[in-house]
Amino acid sequence: MKTCLRTLVAALGFTALAVSAQTKWDMPTPYPAANFHTENISQFAADVDKATAGKLKITVHAGGSLYKANEIKRAVQGGQAQIGEILLGGYANENPLFGTDNVPFLATSYAEAKKLAVAQKPALEALLAKQGLKMLFSVPWPPQGIFAAKPINAGGDLKGVKWRAYSPQTSRIAELVGAQPVTIQAAELSQALATGAVAAFMTSGATGYDSKVWEQVKYFYDTQAWLPKNAVLVSQKAFDALDKPTQAAVLKAAADAETRGWKTSEEKTKFYVEQLTKNGMNVAAPSAALKADLKKVGDTMIGEWQKTAGAEGQAILDAYKK
Ligand code: PCA
């Protein structure tokens, strides 16, 4: 009887050990499951699972279902979630370094966006490290254009228009053209359009496509104003708690996700814009007048960004322009 009990206890102990050897992470993300960023992240989670033979399980909670877009960073910092995805530019009020890639017309192509990403990386990583966060990878959205219910031929056509913003800088653009900014995350965009809460905004063809915005807005101006990035952040504490081989597997899967994400983003840019046309939208290049008005906005905003980002910001610009 005693031996029997001992065996049972030993077996239970063994099971407990085997169970505790599996780590589970929750991963909140802001964008829908079928979005290309989310698909890339799901692949990342699957790669980690495979490389660790199931030792690290990452559960992706897409579409702001676990935490809303603007709550995800704090959740990872606070340890409520171990890992999560954020739109860097959404946090520009916390520190202008987060808004580096939201400055209009600073970096407008994939090649420039890559250069800017490399230039900003050391300062961004240092800032995140102070917050107990580690950036695993970042991936850009396609170039940002203007969506509107009415034709927009110059900046003045946006006066008084209800403008959906997703970051402090997209709100600032609205102020500078005299529109009325309302912050609405991508997960609520379709609803905001349906109820008439907003009638114009800047985003990528990808989000236009995800949100089927053609049901309400009929005009897209391909201004290619900037390529904002999403970043996947992990709690340094959660990362440090992994054994070395698991850490290596996460880093390898992250590097692969970054390469794959940049490639997919660029490759799908044309597809997204074509889908807007296919679904009845008028897709056009911005008029010369609109371009000139937006350039003025960009000039103002780079100046404002430089002022708030100070010497650190200047070092990024110098590295970028080199
Ligand atoms: N889509 C996201 C951010 C940038 C983009 O292209 C959004 O509209 O919320």
Side-chain angles (χ1 to χ4, degrees), residues 28-41 62-65 67-73 84-93 98-110 113 116-117 138-148 162-174 179 181-194 197-217 220-232 261-262 264-273 275-276 281 283:
T29 75
Y31 303 101
N35 171 266
F36 81 93
H37 285 287
T38 320
E39 285 177 349
N40 191 40
I41 281 170
S65 58
Y67 290 99
K68 290 200 184 308
N70 57 343
E71 299 168 346
I72 293 176
K73 181 165 173 285
E85 180 195 32
I86 66 161
L87 176 78
L88 288 166
Y91 299 85
N93 276 349
F98 289 123
T100 309
D101 61 21
N102 268 224
V103 177
F105 305 111
L106 176 58
T108 60
S109 65
Y110 278 89
L116 187 61
S138 66
V139 171
W141 288 91
Q144 307 289 290
I146 300 180
F147 289 83
K162 288 181 198 149
W163 172 277
R164 176 260 172 166
Y166 62 69
S167 65
Q169 283 143 300
T170 48
S171 290
R172 184 66 185 137
I173 293 173
V182 193
T183 300
I184 291 163
Q185 297 305 335
E188 281 91 44
L189 177 56
S190 301
Q191 204 196 336
L193 286 169
V198 293
F201 51 94
M202 287 184 83
T203 188
S204 59
T207 290
Y209 172 76
D210 288 348
S211 302
K212 297 191 170 55
V213 298
W214 46 78
E215 288 172 8
Q216 282 84 22
V217 296
F220 178 67
Y221 300 95
D222 198 1
T223 54
Q224 310 191 356
W226 69 94
L227 287 79
K229 292 187 296 296
N230 284 0
V232 167
W262 278 79
T264 309
S265 180
E266 183 165 9
E267 283 174 0
K268 286 190 86 173
T269 296
K270 209 172 134 233
F271 164 83
Y272 290 129
V273 176
Q275 293 308 303
L276 303 180
M281 290 188 66
V283 173

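Sequence positions, counted from 1, serve as the residue numbers for this chain. Numbering of ligands and ligand atoms starts at 1, following listing order.
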S.K.: Taking S265's backbone N and O only, do any of them form a donor-acceptor pair with Y110's side chain (distance below 3.5 Å, no angle check)?
M.R.: yes
S.K.: In terms of atom number and element, which parts of ligand 1 are under 4.0 angstrom from non-hydrogen atoms of R164?
M.R.: 7 (C), 8 (O), 9 (O)
S.K.: Near T207, which atoms of ligand 1 are under 4.0 Å from a heavy atom of that residue?
M.R.: 1 (N), 2 (C), 5 (C), 6 (O), 7 (C), 8 (O)
S.K.: Using a strict 4.0 Å cut-off to heavy atoms of P228, name the atoms of ligand 1 that fall inside it.
M.R.: 4 (C)
S.K.: Short question: side chain of W141, backbone of H37 - any donor-acceptor pair under 3.5 Å?
M.R.: no
S.K.: Going by distance only, is there an N or O of S204 that falls short of 3.5 Å from an N or O of ligand 1?
M.R.: yes
S.K.: Measure Q185 to ligand 1 on non-hydrogen atoms and call it side chain, backbone, both or neither using the 4.0 Å cut-off.
M.R.: neither
S.K.: By number and element, which atoms of ligand 1 are closer than 4.0 Å to a non-hydrogen atom of T203?
M.R.: 1 (N), 2 (C), 4 (C), 5 (C), 6 (O), 7 (C), 8 (O)
S.K.: Strictly distance-based, threshold 3.5 Å: is any side-chain N or O of Q191 a donor or acceptor partner for the main-chain N or O of E188?
M.R.: no
S.K.: Should the pair Y91 and F98 be assigned to parallel (<30°), tilted (30 to 60°) or perpendicular (>60°) ring geometry?
M.R.: perpendicular
S.K.: Within ligand 1, which atoms have a heavy atom of Q144 less than 4.0 Å away?
M.R.: 4 (C), 5 (C), 6 (O)
S.K.: Which atoms of ligand 1 are found less than 4.0 Å from any heavy atom of A186?
M.R.: 9 (O)
S.K.: Is it true that F201 and Y166 have ring centroids separated by less than 6.0 Å?
M.R.: no
S.K.: Looking at side-chain heavy atoms only, is the closest gap between Q185 and K68 below 4.5 Å?
M.R.: no
